[in-house]
Protein chains: 2
Amino acid sequence: MQLGRMNHVGVAVPDIEEAIAFYRNVMGADDVTEPFDLPEQGVRVCFVNTPNGGTQVELLSPLSDQSPVAGFLARNPAGGQHHICFEVPDIAAARSEFEAMGKRILGPTRIGAHGTPIFFVHPKDMQGQLTEIMETPKGEH
Amino acid sequence: MQLGRMNHVGVAVPDIEEAIAFYRNVMGADDVTEPFDLPEQGVRVCFVNTPNGGTQVELLSPLSDQSPVAGFLARNPAGGQHHICFEVPDIAAARSEFEAMGKRILGPTRIGAHGTPIFFVHPKDMQGQLTEIMETPKGEH
């Protein structure tokens, strides 16, 4: 695989509006995107942009008790780091390479919060980290 | 506070050499720094550089059973995301602001793995995330 940039760190939060206020008022973020629902993933999402086009913080709150993030918050009520996302130039090639290495891929390749194809790899095969692999948006980098 | 770039994501690993091999062979990283001991923090450390000066992965393995990372690995034997680090222009100003907000700062300001002053803030005051605040290295950004 060809490692691309770290696109974002996914952070589970119990209340997305409260988390946005935290990033604005405590951390001093001045660029937070509008939250939107991603029903396919069972989450409400927004991004905290860091300076100079840096890696984003993706805030994730559950849309229902069935959301994968709901399970995470049941174990970590205050929230916390949920996954890490790296870009790749070619999602199909990356998927084939992970499959060939015997890594457990969680579900089909689908469209993620940035509008490009993504898939997740099981934390037990990834040094304990739930890992999102995301195709670099066209026209970027 | 003025939010700077996300400098790195700290990832606890039981075996740093095995983790380096993972990032090279599975993730396709081609730029990993030499590991070195940071006895003041009780850890052995190296950085995985991501393309275009992106946010780094900091790999952390414990130097002893007393290491803070040893406790994390006891709870998460495979390893996992341990902390997140954001840069600030002025570490003393940032510390004063966190103190004024009543955030629990863990220990004194000290020199971190990049050779600039850092401090950690308690995850319970930071949306569940152990957060490192680091002064931007001079001459960068």
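Quick caveat: nothing in here was measured; it's all calculated off a predicted structure. Letters A, B, ... mirror the listed sequences (proteins, then strands); counts begin at 1.
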Quick one: which of B/Ala12, B/Gly80, B/Gly54, B/Pro51 has the most heavy-atom pairs under 4.5 Å with chain A, could you say?
B/Pro51
So which of A/Val9, A/Asp30, A/Thr55 has the biggest tally of heavy-atom pairs under 4.5 Å with chain B?
A/Thr55
Any side-chain donor-acceptor pair under 3.5 Å between A/His114 and A/Glu87?
no
Donor-acceptor pair between A/Glu58 and A/His83 side chains, under 3.5 angstrom
yes
The reported gap from OG1 in A/Thr50 to CE in B/Met6 (rounded to nearest 0.5 angstrom) is 5.5 Å
Highest number of heavy-atom pairs under 4.5 Å with chain B among A/Met126, A/Lys103, A/Gln127, A/Met1 belongs to A/Gln127
4.5 Å side-chain heavy-atom contact, A/Phe72 and A/Leu60
no
Answer key: most heavy-atom pairs under 4.5 Å with chain B among A/Glu97, A/Glu18, A/Met101, A/Gln2 is A/Met101
Tell me yes or no: between the side chains of B/Arg95 and B/Thr109, is some donor less than 3.5 Å from an acceptor?
yes
Checking heavy atoms, do the side chain of B/Lys124, its backbone, both or neither come under 4.5 Å from chain A?
neither
With chain A as the partner, which of B/Val13, B/Asn76, B/Val11 has the greatest number of non-hydrogen pairs under 4.5 Å?
B/Val11
